[in-house]
Amino acid sequence: PTRPASDLPYKPSTARRRSTTAIGFVEWLQKEGRLSERIELGHLGVSRRGNDQGQSNRPRVAGGGTSHLTFNILKRREAASLLELLGPLPSEMATRTNPSRCRDRLAVQVALMAGLRRSELTSLVVSELEQCAGNVREDCPLDPFFFTVVGKGNKARVIELPGWFVLELLNYVNNERMMAVRSGRERYGDTYVQPKSLFINGPKVSTRRGLATDAGTIYRSFRIVQKKLLELGHVKRTFRLHDLRHTFAVWKWLSLKRA
């Protein structure tokens, strides 16, 4: 197979990785009973993180053992609990007695709604969002809006977000983010330059106030909330932030199948 953009052949490692991903998805569909017929996969000769001869080369884990590549797909109620604990949407702030910041909630929700990687979250720029301000309408909540993200391999791609969520992001830009910018100017004076990034550090943080949020900060917030979900009994398994990307893909496939 060749790459659609350049017509150059794929590297063997890329072909194996994509084959493994496709096979893992089919195995999950069969396990969940979502396929009408069973597909035999053994003859394909592609193993989990293995080579072309099917020799096992699974990733090492702590303690020297090996682990199968697994895909954790969030259920709708699990995703709702996760987002609720991360904080309110900007439009919900007025109804909260002790509201927290919205940034982490919005960042994780973008990842879930558009299948973003961690690195892609921090590549969203505020200028693209501000260009939508005159076009987004409350009475057309499902109108699509398109944004560019840059991720793995420094490659750009376009994602789609619905109008109602774009309004939430604009609310964040005009309130919480604006307060962070003002706080950054107070802290750093004339040396402060407003970041191009959509998501920036809040006005009350002790370091890097008003500067671009890195992917690790969002990931740490996700991990803290995940532990709370386990303690509260809302979930019985652990998730990675990257699992939101897999969840987006499966939810999208299911919605297209129903249509």
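Computation of the quantities below employed the complete heavy-atom set of this structure, encompassing side-chain atoms and omitting hydrogens, waters and symmetry-equivalent molecules.
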Hey, quick one: are [X] and [Y] part of the same hydrophobic cluster, counting side-chain heavy atoms closer than 4.5 Å, chains of contacts allowed?
{"X": "V181", "Y": "V125", "value": "no"}
{"X": "L167", "Y": "I159", "value": "yes"}
{"X": "W253", "Y": "V26", "value": "yes"}
{"X": "L241", "Y": "L230", "value": "yes"}
{"X": "V108", "Y": "F248", "value": "no"}

Spatial distance of atom [atom1] ([X]) from atom [atom2] ([Y]) [nearest 0.5 Å]:
{"X": "L169", "Y": "L106", "atom1": "CG", "atom2": "CG", "answer": "5.5 Å"}
{"X": "S81", "Y": "L86", "atom1": "OG", "atom2": "CG", "answer": "11.0 Å"}
{"X": "R157", "Y": "E120", "atom1": "CZ", "atom2": "CD", "answer": "4.0 Å"}
{"X": "R103", "Y": "I218", "atom1": "CZ", "atom2": "CD1", "answer": "6.5 Å"}
{"X": "E176", "Y": "M179", "atom1": "CD", "atom2": "CE", "answer": "6.5 Å"}
{"X": "L198", "Y": "R177", "atom1": "CG", "atom2": "CZ", "answer": "6.5 Å"}

Minimum heavy-atom distance [X]-[Y], with the two atoms named:
{"X": "S119", "Y": "G151", "answer": "OG-CA, 3.9 Å"}
{"X": "P88", "Y": "R101", "answer": "CD-O, 4.2 Å"}
{"X": "I200", "Y": "A180", "answer": "CD1-CB, 3.7 Å"}
{"X": "I73", "Y": "R237", "answer": "O-NH2, 3.0 Å"}
{"X": "A156", "Y": "T148", "answer": "CB-CG2, 4.0 Å"}
{"X": "Q109", "Y": "L89", "answer": "OE1-CD2, 3.7 Å"}

Can you find a heavy atom in the side chain of [X] that is under 4.5 Å from one in the side chain of [Y]?
{"X": "T20", "Y": "R17", "answer": "no"}
{"X": "E84", "Y": "H234", "answer": "no"}
{"X": "L244", "Y": "F222", "answer": "yes"}
{"X": "C102", "Y": "E92", "answer": "no"}
{"X": "K196", "Y": "S127", "answer": "no"}
{"X": "L129", "Y": "V166", "answer": "yes"}

Would you indicate whether [X], at its atom [atom1], is surrounded by more than 12 heavy atoms from other residues, nucleotides or ligands within a distance under 6.0 Å?
{"X": "E160", "atom1": "CD", "answer": "yes"}
{"X": "D139", "atom1": "CG", "answer": "yes"}
{"X": "K227", "atom1": "NZ", "answer": "no"}

| task | For residues 133-166, pull every pair meeting ring-ring contact (aromatic ring centres under 6.0 Å, His included), keeping only residues two or more places apart or in separate chains. | result |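 Counting only pairs at least two positions apart or across chains, no ring-ring contact (aromatic ring centres under 6.0 Å, His included) contact touches residues 133-166.
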| message | Assess whether a salt bridge exists between R209 and E186, defined as any Lys/Arg side-chain N lying under 4.0 Å from an Asp/Glu carboxylate O. | response |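 Answer for the salt bridge query: no.
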Within the side chain of [X], is there an N or O that forms a donor-acceptor pair under 3.5 Å with the backbone of [Y]?
{"X": "Y188", "Y": "G210", "answer": "no"}
{"X": "W251", "Y": "L74", "answer": "yes"}
{"X": "N201", "Y": "R208", "answer": "yes"}
{"X": "N135", "Y": "C132", "answer": "no"}
{"X": "R118", "Y": "H242", "answer": "no"}

| message | Tell me whether the rings of F199 and Y172 are parallel (<30°), tilted (30 to 60°) or perpendicular (>60°). | response |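 Tilted: the ring planes of F199 and Y172 meet at 30° to 60°.
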| task | Determine, stepwise, if the pair D143 / R137 fulfils side chain to side chain contact (heavy atoms under 4.5 Å, CB included). | result | CA-CA 8 Å; D143 279 358; R137 295 168 47 185; 5.6 Å; no
| said: For D214 and R220: C-alpha separation, side-chain torsions, deciding distance, then whether side chain to side chain contact (heavy atoms under 4.5 Å, CB included) applies. | reply: CA-CA 10 Å; D214 60 46; R220 285 189 291 274; 4.3 Å; yes
| query | Have Q226 and T238 got a donor and an acceptor in their side chains that come within less than 3.5 Å? | reply |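 Their side chains do not contain a donor-acceptor pair, so the 3.5 Å distance test is not met.
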| request: Begin from the C-alpha positions of R16 and S19 and carry the test side-chain hydrogen bond (donor to acceptor under 3.5 Å, both in side chains) through to its verdict. | output: CA-CA 5 Å; R16 285 197 299 271; S19 298; over 6 Å; no
